Chemist: 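A single structure is presented below for examination.
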Amino acid sequence: MSSIIVRVKQKQIAQLIAKGKRLDGRGLHDYREIKVEQGIIERAEGSARVLLGKTEVMAGVKIETGEPFPDTPNEGVLTVNAELVPLASPTFEPGPPDENSIELARVVDRGVRESKAISTEKLCITPGKKVFVIFVDIYVLNHDGNLIDASALAALAALLNTKMPNYEIEEGEIKIKPGYSALPVRKHPIAVTFAKINDKLVVDPWLEEEQIMDARLTITTDDDGNICAIQKGGSGYFTPKQVFEAAQIAKEKAEEIRKKLGWGKNGEKN
Amino acid sequence: MSSIIVRVKQKQIAQLIAKGKRLDGRGLHDYREIKVEQGIIERAEGSARVLLGKTEVMAGVKIETGEPFPDTPNEGVLTVNAELVPLASPTFEPGPPDENSIELARVVDRGVRESKAISTEKLCITPGKKVFVIFVDIYVLNHDGNLIDASALAALAALLNTKMPNYEIEEGEIKIKPGYSALPVRKHPIAVTFAKINDKLVVDPWLEEEQIMDARLTITTDDDGNICAIQKGGSGYFTPKQVFEAAQIAKEKAEEIRKKLGWGKNGEKN
Amino acid sequence: MSSIIVRVKQKQIAQLIAKGKRLDGRGLHDYREIKVEQGIIERAEGSARVLLGKTEVMAGVKIETGEPFPDTPNEGVLTVNAELVPLASPTFEPGPPDENSIELARVVDRGVRESKAISTEKLCITPGKKVFVIFVDIYVLNHDGNLIDASALAALAALLNTKMPNYEIEEGEIKIKPGYSALPVRKHPIAVTFAKINDKLVVDPWLEEEQIMDARLTITTDDDGNICAIQKGGSGYFTPKQVFEAAQIAKEKAEEIRKKLGWGKNGEKN
Amino acid sequence: MSQKTEKLIDKKGLRLDGRKSDELRPIKIEVGALSNADGSAYIEQGKNKILAAVYGPRELHPKHMALPDRMVLRCRYHMAPFSVQERKSPAPSRREIELSKVIREAVEPAIFVEYYPRTAIDVFVEVLQADGSTRCTSITAASLALADAGIPMRDLVVACSAGKIEDMIVLDLMDIEDKVGSADVPVAFMPNLGVITLLQMDGILTHEEFEKAVNLAIEGCKKIYTLQKEALRAKYVSVKEVEE
Amino acid sequence: MSQKTEKLIDKKGLRLDGRKSDELRPIKIEVGALSNADGSAYIEQGKNKILAAVYGPRELHPKHMALPDRMVLRCRYHMAPFSVQERKSPAPSRREIELSKVIREAVEPAIFVEYYPRTAIDVFVEVLQADGSTRCTSITAASLALADAGIPMRDLVVACSAGKIEDMIVLDLMDIEDKVGSADVPVAFMPNLGVITLLQMDGILTHEEFEKAVNLAIEGCKKIYTLQKEALRAKYVSVKEVEE
Amino acid sequence: MSQKTEKLIDKKGLRLDGRKSDELRPIKIEVGALSNADGSAYIEQGKNKILAAVYGPRELHPKHMALPDRMVLRCRYHMAPFSVQERKSPAPSRREIELSKVIREAVEPAIFVEYYPRTAIDVFVEVLQADGSTRCTSITAASLALADAGIPMRDLVVACSAGKIEDMIVLDLMDIEDKVGSADVPVAFMPNLGVITLLQMDGILTHEEFEKAVNLAIEGCKKIYTLQKEALRAKYVSVKEVEE
């Protein structure tokens, strides 16, 4: 599209939002369609693919053994990494992680970590020496906006899908036994991201909304409705009132998503 | 040279080849003069310098101890690295290995590895724990074409020149004893590279031929005439007939080189 | 400043030096005012801030345990690193250490190492296995010339300020005990840097002198007046006579500084 | 290749996944899967799951790398960390750098590079799951993504491996056959022109075995070529329906 | 945040360093400390010792990254190797890269970026000693350095954290409170406009606790804002004296 | 330098390789060894085997680094992985980066840099085998390669080390003398002008010892200078014969 058409469209998006409408017909607080597919990568201990409208994110979980952190000798280690692979967008370039992919990984990581979604204390093999290390690799395949929410969903869906190998300790050495058991996941943190456009908050911005937003706010809540992670982004600002309003909406949207996907105590399945 | 003169010369090279001739007087399947000098670096366990016409390549072998790969706990480790050092060509730049030096190293590596030239099972010290690691470092000093064949020759010549330290195992620790023995090398893989120019195959292209070639084909054969590694390069193609023809020629040329250098069962020495 | 004014000023600096004078009123062999502040970073085992005129350098010492070098199994390890952080000068850029910061660190390192300022043999915990590793991190905060002398002073001041944790060896494991003792520092190497401008040697060049100097010479001497490290820099040259003359001056200036700061046997304190 | 004592062929002459020696793994192709890319293709071949996307022709940065008489083709072959048994670091390995080069050189002969001077075309291949012969599946996918992007081409490039396991020349090696077998011969082919654009080999083969392997791989390529063309047609049919 | 059994609040309701729940750590501010930078500020907040410097507006390299209608703001948050208990490698960590981004996005709303098109402003923050809530102290310092450099701004940006330790919402977390406590909420604020330019949270908070924490952090910001303005005034008074 | 109890000088006052205190190691020089480089030189000095090549004057990339009134001299000192006892990683070490700088600054005073404004000259030094004082041998080789490339020079630069082993000041340290001895003084010299272009020292020397070492090194330089000039002449004679 020529840049003139782009600007006309952007103006239209902003004007509609001021009237409480969105170009794709959604209400300000509506998500695009969410599709979650789990277990798609047999090579991985856990995996999932999430579609949020046209945004497509994959997550894979690999389990290895390693040393615990010195300050948590009895706990397994969680590592979240995100790759903005260049096939997902003309603006992504090959190379080491940039500030955007690092922020994405760290925001998803905080949601899982701070909600204590994973019982890391159950991932200890030999205290202070050997624990399970859970690698969550987020792989963005198509970028059409709101990568954070899609990635957080993909990471959680992959963790819920993860099978731990059974094992025994024989003379200090770990021995893999036949069979698997599910990774102990006890919480379902859901990230809900807002874009501020024309001083309104819209939920789940798509790419063209992100291009004109003033600022971004992500609020992650756990199954009990508590807040476990927040991240403001973008070079604009929020009033305190907008922040508190967003926190309430985030809680409701997260509850809706959990219910829809059947995750957690109010979920229909799992 | 001005680029006009270059183009005239390139045209001349291509036209001559169409007639079965080469600008430097060689036949299409003739190698340039090959000179091999071994043992030139006293600091290294093995070393060699190869001149292929004006192309000059050095290889050094260093032996260290390290861990075996998990899937071959009883075998030593072979590592081939190639440096296109900037003094060898105005087109080489300082910096980490690029795709050309990585391809060069990996093609040479495959020739040695797949032919099972080195008895890696004799390089095990303590199964699963400690083995000898053989580093072959290829150092290109002057680039006048056909780096693959020159590098493969230099690597093999350096390996044939390599002295292993004698050692004993005392209480689980390795102890160096006086004296040396030769590295166990049982095969002599020879890489033969073809350039396709004007739909003809020429052996051992020099730099100006490489600059006009459509595609490159390297075929490595072992002492029994079997093929152990192939690599096609360049953005052109070959017919299946050309490939099969090249394979036959490669076998004959390799046999000739082995004989000339006195390597292997038909060799005059070694 | 416009580049014309810069050039006029540079000419003036050079002409004054030819007459034995300096723009800031100093004699050719005078240092700018030296201020040393120690113990400013409580998190570090040792620290100091040095002001040399407007040049400002901080140094921090951290102590960790690690393996000794194979050829000195009974000695602790000294590591000096220098960062030219970008807030110190418009010409410093973020990124990995460049040749200037590496040279700076290595010249300071040689002064400390070659004078045997630190009793590294007292930093051995278990011979061949575990020793103390002393990290000296030089942090340039404002660059107004003569970074080497300022950094060498900061490094030494931080080392003199360093507290070693008390410890005991219990069953091969190191156990930290309450209390501290001073790091054993037995020499006080002082670097004295000369700029050659208009064929004259000036001591402690400031930034604008460095910009017009032909060459640089740093001579480090120990408490006994012996030379322990020298580094020539810049793309000019010195006559042998100038070098020998500089060595004499360096010895005197170092003695003066040691006295002023109260370091070493002739020092007023410490 | 290491010689382990695993049985790769049963008494009936069938392979571990029940295939005959000259049988391809099941293949599923989807063209145009990604909305942002100018062209894309997703292929499953056995347990290989590979996505290719094309961006371009587009401007080149830095500009001095542009060529006055042709476009520059760039290619990145990359494996997802979760695509293999042991987690792979996302930083490009030496193997990935070599494969990026040979894949680029395998598809380039098909492209009319002189049509778009001073531009670049980027081919990005992501291996989401790897099960042997991934470079071949990648080439097959890359050439479809190029066609989907409307890049003018002489022909599709299609690739398939052959190899030797337990003295038998077989088609389309899967991971365990590649690791335990005694030779691997990946071949890329342009069926209309009858020419080879990628050829590699590792292992040990006699000249007879080598010729047999290359010919078998070409037969495999021809079969996959049919599927490629069907997938392209299916994409364009469905696009046409949408546009009407 | 890990839940260790360390007592962070004593029987009198005071914190480990004797502060009340809504009390800031002692703050010392110095503006214009560095002679080379176009603007600079040094802040001690408790044991945090942080230096910020600004260079610019200045030319941008490479030039194609310049913007025709505004300046580019760049920011680097960096910790000295000796600033923390275990020596930190000087190479930028993932945490430092994220913080550089959020600090930049916290100060940018205050700057009239359209005043200097095609230029760049660089903000360099060096943490010389770290004792918790360093990103907040860094923002407070960075905005002073920008003002000292004469960059036209809507307002100063000031930042402060609040958090939860042992069921109490407290102001201005120090390191041990951040590590052992149960939530950390760093907030950056522009007092004149009454808006939030940085907001992060990690830990677990109910919505009520969260609102209380944000409001407490804003109160902290307002107090620091007074000190910021005093320090700027002190700098300019003393500069004026020198120039006369 | 570590003090080990190895005997470096025998009862006759001779060194481990039989040299007297003021004796150089055997030197072999070959000019123009490499066909691609604009100039090159190969030197063996004892077991040191060092190759230097010069490319240029040539265009500089990126162009904004070119200087309007002079050429830019660049230098890389690099050791082959097999040049030392323990294999050296090919990535440049901190030592190699420092030596690249001091070698560049040792040869630059000899070059008329103003003759070729806006261009670059690259000096590449490869240490194929190292046996002490490699920076000196590198400088001797680099200046020959520059002369071979026809770069206009004030004089050849020649370098040699002196040092102290067991209370004796000796010339041209080899590796073991450098490691076990008590001081090392590398000196680069331009004999016609009588000036020093490289000077470093590490170890412990009194002022008297230092002067003696510098003077001895200069004597060594002068001897090598004769060999340098002979080698250049030999090269040009042989070139002349070929051209006729």
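By convention in this document, chain letters (A, B, ...) are assigned in the order of the sequence lines, proteins followed by strands, and residues within each chain are numbered from 1. Since the model is a prediction, treat every value here as computed from it, not as a measurement.
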Chemist: Mind checking whether B:Y139 and F:F82 have parallel, tilted or perpendicular rings, split at 30° and 60°?
Modeler: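 Perpendicular: the ring planes of B:Y139 and F:F82 meet at over 60°.
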
Chemist: I'd like to check the salt bridge (charged side-chain N to carboxylate O under 4.0 Å, His left out) partners of F:R19; sequence neighbours left out, ordered by chain and number.
Modeler: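 With neighbours one apart ignored, the set is F:D17, F:D172, F:E177.
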
Chemist: Of the non-hydrogen atoms in B:R32 and B:P205, which two are nearest, and what is the gap between them?
Modeler: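 Smallest interatomic distance, heavy atoms only, reads NH2-O, 3.7 Å.
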
Chemist: Among B:R43, B:E83, B:E42, who wins on heavy-atom pairs under 4.5 Å with chain F?
Modeler: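 Maximum pair count with chain F is reached by B:R43.
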
Chemist: Which residue, F:L171, F:L14, F:V170, forms the side chain to side chain contact (heavy atoms under 4.5 Å, CB included) with F:K20?
Modeler: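 Among the candidates, only F:L14 passes.
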
Chemist: Between B:L141 and chain F, with a heavy-atom cut-off of 4.5 Å, which part of the residue counts as in contact: side chain, backbone, both or neither?
Modeler: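 Interface part for B:L141: both.
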
Chemist: Does the plane of the ring in B:H143 sit parallel, tilted or perpendicular to the ring in B:F92? Use 30° and 60° as the thresholds.
Modeler: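 Correct class here is parallel.
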
Chemist: Who pairs with F:R118 by salt bridge (charged side-chain N to carboxylate O under 4.0 Å, His left out), at least two apart in sequence or on another chain?
Modeler: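 Salt bridge (charged side-chain N to carboxylate O under 4.0 Å, His left out) check on F:R118 returns nothing, list empty.
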
Chemist: Sub-4.5 Å heavy-atom contacts with chain B: which residues of residues 86-102 of chain F show up?
Modeler: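 Result: F:E86, F:R87, F:P90.
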
Chemist: Which atoms of F:A145 come close to chain B, meaning under 4.5 Å heavy atom to heavy atom: side chain ones, backbone ones, both, or neither?
Modeler: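 Interface part for F:A145: neither.
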
Chemist: Report which part of F:S83 has an atom under 4.5 Å of a heavy atom belonging to chain B: side chain, backbone, both, or neither.
Modeler: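 It is the backbone, since no side chain atom gets that close.
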
Chemist: Tell me, side chain or backbone of B:P94 under 4.5 Å from chain F's heavy atoms, or both, or neither?
Modeler: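 Both backbone and side chain.
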
Chemist: Can you say whether F:D131 sits under 4.5 Å from chain B via the side chain, the backbone, both, or neither, judging by heavy atoms?
Modeler: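 When you check distances to chain B, atoms from both the backbone and side chain of F:D131 fall under 4.5 Å.
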
Chemist: Out of curiosity, B:L183 CG to B:L123 CG, how far, rounded to the nearest 0.5 Å?
Modeler: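 Here the interatomic distance stands at 6.0 Å.
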
Chemist: Report the distance from atom OH of F:Y55 to atom CG of F:N36, rounding to the nearest 0.5 Å.
Modeler: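 If I round to the nearest 0.5 Å, the distance is 5.0 Å.
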
Chemist: Could you pull out every donor-acceptor pair under 3.5 Å between side chains of residues 47-61 of chain B and any protein atom, sequence neighbours left out?
Modeler:
residue	atom	partner	partner atom	Å
B:S47	OG	B:I40	N	3.0
B:S47	OG	B:I41	N	2.9
B:R49	NE	B:E37	OE1	3.2
B:R49	NH1	B:E56	OE2	2.6
B:R49	NH2	B:E37	OE1	3.1
B:T55	OG1	B:D144	N	2.8
B:T55	OG1	B:D144	O	3.4
B:T55	OG1	B:G145	N	3.2
B:T55	OG1	B:G145	O	2.8

